[in-house]
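The structure under discussion appears below in the form of structure tokens.
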Amino acid sequence: ELKLFIKESEVYEALTDIMNYDTSEYDEKFILTSIEEYYRSRLLLNVFMNSSEKISKGSGEVSDAPQEILNALSFTFETNIGTSLLDDSEKVYSELHNVDSVIPTMIKSLDKYIDGGVHEKTLNGILAGTGVGKSLVLCALSVNMLLQNKKVLYISLEMSEARIIERLLANLFDIDIGLLKNLSKAQFDKCYDMVKRRLKTNFHVVQYGEKSLSSNKITAILKEFKVKKSVEFDCIVLDYMALMTTNNKIRDLNSYSELKLISQELRAVAQNHSIPIWTAYQVNRTGLNKIDADIQDISESAGILHTLDLLVAVGSSDELRAAGKYKISILKNRYGVPNLTMYVGVSYNRMRIFDLEEELKEQDIAKPKNMVDEASVQVLSTMKSNVRSKRSDYMGIE
């Protein structure tokens with residue numbers, strides 16, 4: 001039909017080339033976005049040209065130019081605005097059953113209370129004291145997401161990239177972290193090749209100095225990975241938020257207001273990129289020696305609590321450490337009911353957290369324990385018979 005209106009053969013041939021162009025390597029969103037940008041630039045150019053012509057003729061009729069500029073910049077193919085209760089039943093149903101928008105922690109005792117896992121567009125936090133293992137938990141969660149074929153970006157503001165990778169390898173190789181250096185090159189290559197064969201997605205870690213990272217910088221990092229490596233991440237793990245800075249440093253901003261602002265900016269990154277973000281928080285002095293940390297124990301700023309979608313406190317003690325267990329408390333939960341407590345297993349040597357067959361009873365916690373006792377034996381047996389066998393089956397480790 002277009003040929004009837006096209007008089008010049010060169011124009012028709014150009015049109016034919018465009019129609020025959022292979023667009024299979026591009027997704028629909030990319031193509032539509034590119035076309036929208038082209039239309040906006042041409043519409044904007046038309047406004048400037050018309051305004052320039054009016055000015056040159058001395059007509060002075062340019063009062064409508066600002067509105068024309070706004071119209072040009074707002075051009076889009078998207079006609080839907082928000083969600084209509086009565087008109088978007090299909091959309092509503094699809095969102096209710098959108099499994100891909102949730103990333104399980106693979107800790108079943110936790111997932112069942114947070115609607116299956118962490119959701120896209122959310123900010124999720126781990127609260128723990130010094131030496132309890134905030135980075136251990138974040139690394140363990142990263143591996144669990146990798147095993148679900150999720151692409152993970154780990155941003156460290158404290159620990160080096162090499163130390164983070166070392167922790168992941170201890171988990172994936174199923175080898176004590178202290179023994180990694182004892183592997184021969186042949187043994188290391190064999191384990192590494194096994195991991196590369198089994199994992200379908202990748203893990204990237206970047207390190208920045210304290211107070212050198214803002215939410216705008218994170219957005220720039222995501223864009224850089226997309227452009228240079230064609231990688232779009234499914235989740236961000238940030239270790240940890242209190243070491244960030246705001247997008248625009250405001251003078252005389254106290255720590256309460258600063259951390260609240262940082263958390264709001266960080267959650268905006270999660271919303272704009274439709275991904276969940278995991279981060280960690282330090283307990284204050286009053287919570288250092290407590291097994292049961294609570295909301296009042298958040299260091300520096302309780303203002304971040306209003307921004308978080310999920311806050312999980314990780315508690316430990318000499319008895320729990322000897323038994324190889326963490327006490328987990330859900331302090332805030334937009335996915336379900338808060339103020340719930342459970343116990344999970346922890347392998348400090350292999351940087352792993354996992355479900356336990358039976359939770360530790362309160363009366364057992366209160367009793368002094370030897371380094372090797374019934375609880376320790378139970379945990380070690382559980383690790384050997386359940387977690388290790390499942391990981392071995394998945395990773396192909398003999």
Side-chain angles (χ1 to χ4, degrees), residues 118 120-130 132-139 141-142 145 151-165 167 203-226 233-285 287 293 295 297-314 331-332 334:
V118 291
E120 63 182 10
K121 302 182 179 182
T122 60
L123 181 60
N124 310 273
I126 300 294
L127 178 66
T130 303
V132 172
K134 296 185 295 296
S135 297
L136 185 157
V137 175
L138 292 178
C139 286
L141 290 172
S142 298
M145 288 186 286
K151 296 183 287 293
V152 181
L153 172 63
Y154 196 109
I155 303 176
S156 176
L157 300 178
E158 190 173 41
M159 198 175 298
S160 69
E161 296 175 7
R163 297 287 76 79
I164 298 298
I165 292 295
R167 290 172 174 233
F203 172 90
H204 294 270
V205 55
V206 292
Q207 179 190 11
Y208 287 87
E210 182 177 333
K211 295 298 179 181
S212 66
L213 182 78
S214 66
S215 294
N216 282 347
K217 179 61 177 177
I218 293 177
T219 299
I221 294 171
L222 294 175
K223 185 176 182 180
E224 188 174 10
F225 269 101
K226 183 177 180 180
F233 292 101
D234 299 305
C235 181
I236 296 175
V237 179
L238 176 65
D239 190 6
Y240 56 97
M241 197 202 78
L243 300 180
M244 290 180 61
T245 187
T246 59
N247 289 332
N248 299 295
K249 189 64 178 178
I250 303 173
R251 294 182 61 183
D252 302 325
L253 194 66
N254 59 44
S255 60
Y256 178 97
S257 301
E258 181 182 19
L259 286 177
K260 182 178 180 180
L261 181 58
I262 291 173
S263 65
Q264 292 170 338
E265 294 170 345
L266 188 59
R267 190 169 188 269
V269 174
Q271 292 177 322
N272 293 336
H273 292 85
S274 298
I275 57 175
I277 295 179
W278 274 106
T279 188
Y281 302 92
Q282 178 77 35
V283 299
N284 55 30
R285 292 182 179 179
I295 292 173
D297 294 323
I298 301 177
S299 179
E300 299 291 344
S301 173
I304 60 178
L305 185 69
H306 304 299
T307 311
L308 287 169
D309 295 279
L310 174 70
L311 179 61
V312 177
V314 178
L331 302 183
K332 182 176 181 180
R334 282 183 177 156

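Every heavy atom of this structure was used, including side-chain atoms; hydrogens, water molecules and symmetry mates were not.
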Is there a side-chain contact (heavy atoms from CB on, under 4.5 Å) between Ile221 and Lys217 once you walk through the steps?
-> CA-CA 6 Å; Ile221 294 171; Lys217 179 61 177 177; 4.2 Å; yes
If you look at every heavy atom in Leu259 and Met241, which pair is closest and at what distance?
-> O-CE, 3.6 Å
Closest contact, heavy atoms only, Ser142 versus Phe203 | CB-CE1, 3.9 Å
The side chain to side chain donor-acceptor pair (under 3.5 Å) partners of Gln271 (sequence neighbours excluded) come to none
Leu238 side, atom CG; Tyr208 side, atom OH - distance, nearest 0.5 Å | 12.0 Å
How many angstroms lie between OG in Ser274 and CD in Glu120, if you round to the nearest 0.5 Å?
-> 5.0 Å
State, to 0.1 Å, how close Cys235 and Pro276 come at their nearest heavy-atom pair, and which atoms those are.
-> SG-O, 3.4 Å
Between CE on residue Met244 and CD1 on residue Ile262, distance to nearest 0.5 Å = 6.0 Å
From CD (Glu210) to OG1 (Thr245), nearest 0.5 Å | 10.5 Å
Sorted by chain and residue number, the side-chain contact (heavy atoms from CB on, under 4.5 Å) partners of Gln264 (sequence neighbours excluded) come out as Lys260, Leu261, Thr307
Measure from the ring center of Phe233 to the ring center of His204 and say whether it is less than 6.0 Å.
-> yes
Distance only, no hydrogens: is a donor on one side chain within 3.5 Å (strictly under) of an acceptor on the other, for Asn124 and Thr122?
-> yes
How many angstroms lie between CG in Leu310 and CG in Leu331, if you round to the nearest 0.5 Å?
-> 9.0 Å
Could you walk me through whether Thr246 and Glu265 pass the side chain to side chain donor-acceptor pair (under 3.5 Å) check?
-> CA-CA 8 Å; Thr246 59; Glu265 294 170 345; 5.3 Å; no
Sequence neighbours excluded, the answer for side chain to side chain donor-acceptor pair (under 3.5 Å) partners of Asp234 is none
Partners passing salt bridge (charged side-chain N to carboxylate O under 4.0 Å, His left out) against Glu258 (at least two apart in sequence or in another chain) | Lys211, Lys249
Would His273 and Thr219 satisfy side-chain contact (heavy atoms from CB on, under 4.5 Å), going step by step from the backbone distance to the final call?
-> CA-CA 9 Å; His273 292 85; Thr219 299; 4.0 Å; yes
Value for CG (Leu243) from OG (Ser212), rounded to nearest 0.5 Å, stands at 9.5 Å
Show which side-chain atoms of residues 153-161 pair as donor or acceptor with protein atoms under 3.5 Å away, not counting sequence neighbours.
{"unit_1": "Tyr154", "atom_1": "OH", "unit_2": "Asp239", "atom_2": "OD2", "d": "3.0"}
{"unit_1": "Ser156", "atom_1": "OG", "unit_2": "Glu158", "atom_2": "N", "d": "3.4"}
{"unit_1": "Ser156", "atom_1": "OG", "unit_2": "Met159", "atom_2": "N", "d": "3.0"}
{"unit_1": "Ser156", "atom_1": "OG", "unit_2": "Met159", "atom_2": "O", "d": "2.4"}
{"unit_1": "Ser160", "atom_1": "OG", "unit_2": "Arg163", "atom_2": "N", "d": "3.3"}
{"unit_1": "Glu161", "atom_1": "OE2", "unit_2": "Gln207", "atom_2": "N", "d": "3.1"}

Is the closest basic N to carboxylate O distance between Asp309 and Lys332 below 4.0 Å?
-> no
Check whether any side-chain heavy atom of Trp278 sits under 4.5 Å from a side-chain heavy atom of Leu138, and report yes or no.
-> yes
Kindly determine whether Val269 and Leu222 satisfy side-chain contact (heavy atoms from CB on, under 4.5 Å), including the steps that lead there.
-> CA-CA 10 Å; Val269 174; Leu222 294 175; 4.2 Å; yes
Kindly write out the residues that satisfy side-chain contact (heavy atoms from CB on, under 4.5 Å) with Ala128, not counting sequence neighbours, or none if the list is empty.
-> Val132, Lys134, Val314
Write down the atom of Ser263, the atom of Leu123, and the distance for their closest heavy-atom approach.
-> O-CD2, 3.6 Å
How about Tyr240 and Tyr281: are their ring centroids closer than 6.0 Å?
-> no
Check the pair Leu127, Val312 against side-chain contact (heavy atoms from CB on, under 4.5 Å), reporting the backbone distance first and the verdict last.
-> CA-CA 6 Å; Leu127 178 66; Val312 177; over 6 Å; no
Between Leu266 and Ser215 the two heavy atoms that sit nearest each other are N-OG, 3.2 Å
Does NZ belonging to Lys121 count more than 12 external heavy atoms closer than 6.0 Å?
-> no
